Amino acid sequence: VQLQASGGGLVQAGDSLRLSCAASGHTFSSVIMGWFRQAPGKAREFVAAISWNGGMTHYADSIKGRFTISRDNAKNTVWLQMNSLKAEDTAVYYCAADTDRANLHRTVVHHTSAYRYWGRGTQVTVSS
């Protein structure tokens, strides 16, 4: 699975951004998708994940209620809508995928090791 994230940029606190991740190389409707982020000097952290059919989602507590993950299997694309952005949301955002549906379980979904495929990140910078 090849992944290409886009949509990052420089915004002010309170603004919104929508990140996109285009996938290719595998039947998109059979993979779970996730978003992670990594701030300078920090470990990569889980943001959100979505099941192969969009019926189940998981969110990190830090972004719950502000971010929404969605997907369109006909377009081979997953999005991360980010609202009410804060300075602490500044990071490089990565999309990730895996073909093992079991990795969507709440006990493993937030681990980077649950995702075999990773795209290059897109920078999100939120100025306060």
Side-chain angles (χ1 to χ4, degrees):
V1 181
Q2 290 80 47
L3 304 172
Q4 180 64 53
S6 62
L10 172 63
V11 297
Q12 294 187 333
D15 286 351
S16 297
L17 269 180
R18 188 174 80 156
L19 305 183
S20 300
C21 178
S24 62
H26 196 280
T27 303
F28 184 69
S29 59
S30 66
V31 302
I32 64 172
M33 297 294 299
W35 285 99
F36 285 73
R37 67 186 182 184
Q38 188 165 17
K42 295 188 177 181
R44 192 168 298 188
E45 66 173 1
F46 171 76
V47 175
I50 190 166
S51 62
W52 52 96
N53 61 359
M56 182 182 298
T57 56
H58 293 279
Y59 294 97
D61 288 342
S62 61
I63 57 87
K64 200 171 293 184
R66 299 189 295 121
F67 292 9
T68 303
I69 189 171
S70 61
R71 67 188 294 163
D72 185 335
N73 288 344
K75 296 181 179 179
N76 287 2
T77 301
V78 63
W79 294 278
L80 183 69
Q81 177 67 43
M82 307 186 294
N83 298 329
S84 303
L85 282 162
K86 304 176 181 180
E88 51 262 44
D89 295 319
T90 295
V92 177
Y93 283 71
Y94 298 88
C95 60
D98 201 86
T99 56
D100 188 349
R101 296 182 176 186
N103 287 343
L104 196 67
H105 192 273
R106 58 179 175 80
T107 59
V108 298
V109 69
H110 56 286
H111 290 297
T112 56
S113 58
Y115 303 84
R116 189 181 319 173
Y117 306 101
W118 291 83
R120 292 185 178 182
T122 184
Q123 175 72 47
V124 173
T125 303
V126 184
S127 64
S128 57

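Model, not experiment: these values are computed from the prediction.
Considering only residues two or more places apart in sequence or on other chains, Tyr93 meets the side-chain hydrogen bond (donor to acceptor under 3.5 Å, both in side chains) condition with Arg37. In this view, His105 and Thr107, Val108 satisfy the side-chain contact (heavy atoms from CB on, under 4.5 Å) rule, not counting sequence neighbours.
Note: the hydrophobic cluster containing Tyr94 does not contain Phe67 (ILVMFWY, side chain heavy atoms under 4.5 Å, direct or indirect links). Both Ile69 and Leu85 are part of a single hydrophobic cluster, where members link through side-chain heavy atoms under 4.5 Å apart. Taken together through direct or relayed side-chain contacts under 4.5 Å among Ile, Leu, Val, Met, Phe, Trp and Tyr, Val109 and Leu80 form parts of separate hydrophobic clusters. Residues Leu3 and Phe28 fall within the same hydrophobic cluster, defined by Ile, Leu, Val, Met, Phe, Trp and Tyr side chains chained together at heavy-atom separations under 4.5 Å. When the side chains of ILVMFWY residues are joined at heavy-atom separations under 4.5 Å, either directly or via intervening members, Met33 and Tyr59 end up in a single hydrophobic cluster.
In this structure the side chain of Ile50 never reaches within 4.5 angstrom of the side chain of Trp35, judged on heavy atoms. Side-chain contact between Arg116 and Thr99 is present, with at least one heavy-atom pair separated by less than 4.5 Å.
Distance check: Ser62 OG to Glu88 CD gives 9.0 Å after rounding to the nearest 0.5 Å. The distance from the NZ atom of Lys64 to the OG1 atom of Thr57 is 9.0 Å, given to the nearest 0.5 Å.
Closest of all the heavy-atom pairs between Gly8 and Thr122 is N-OG1, 3.0 Å. Residues Gln38 and Lys42 approach most closely at NE2-O, 3.1 Å, considering heavy atoms.
For Thr77 (side chain) and Lys75 (main-chain N/O), a donor-acceptor pair under 3.5 Å exists by modelled atom type. With His58 contributing its side chain and Leu104 its backbone, the two residues share a donor-acceptor pair below 3.5 Å. Thr90 places no side-chain N or O within 3.5 Å of a backbone atom of Thr125 that could act as its donor or acceptor partner.
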*asked:* Working note: Asp89 + Arg66, criterion salt bridge (Lys or Arg N to Asp or Glu O under 4.0 Å); need CA distance, chi angles, decisive distance, verdict.
replied: CA-CA 11 Å; Asp89 295 319; Arg66 299 189 295 121; 2.7 Å; yes

_Pair Tyr115, Ile32 - check side chain to side chain contact (heavy atoms under 4.5 Å, CB included), show working._
CA-CA 9 Å; Tyr115 303 84; Ile32 64 172; 4.3 Å; yes

*Apply side chain to side chain contact (heavy atoms under 4.5 Å, CB included) to Trp52 and Ser29, showing your working.*
CA-CA 5 Å; Trp52 52 96; Ser29 59; 5.9 Å; no

*Can you list the steps and then say if Phe36 with Trp118 is a ring pair (Phe, Tyr, Trp, His ring centres under 6.0 Å)?*
CA-CA 10 Å; Phe36 285 73; Trp118 291 83; 5.0 Å; yes

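Side-chain contact annotation: Gln4 with Ser6, donor-acceptor N/O pair under 3.5 Å absent. Side chain to side chain, Asn103 and Arg101 fail the donor-acceptor criterion of an N or O pair below 3.5 Å.
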Mind listing the side-chain donor-acceptor pairs of residues 9-22 below 3.5 Å, one per line with the distance, residues two or more places apart or on another chain?
unit_1	atom_1	unit_2	atom_2	d
Asp15	OD2	Gln12	N	3.1
Ser16	OG	Asn83	OD1	2.9
Ser20	OG	Trp79	NE1	3.3

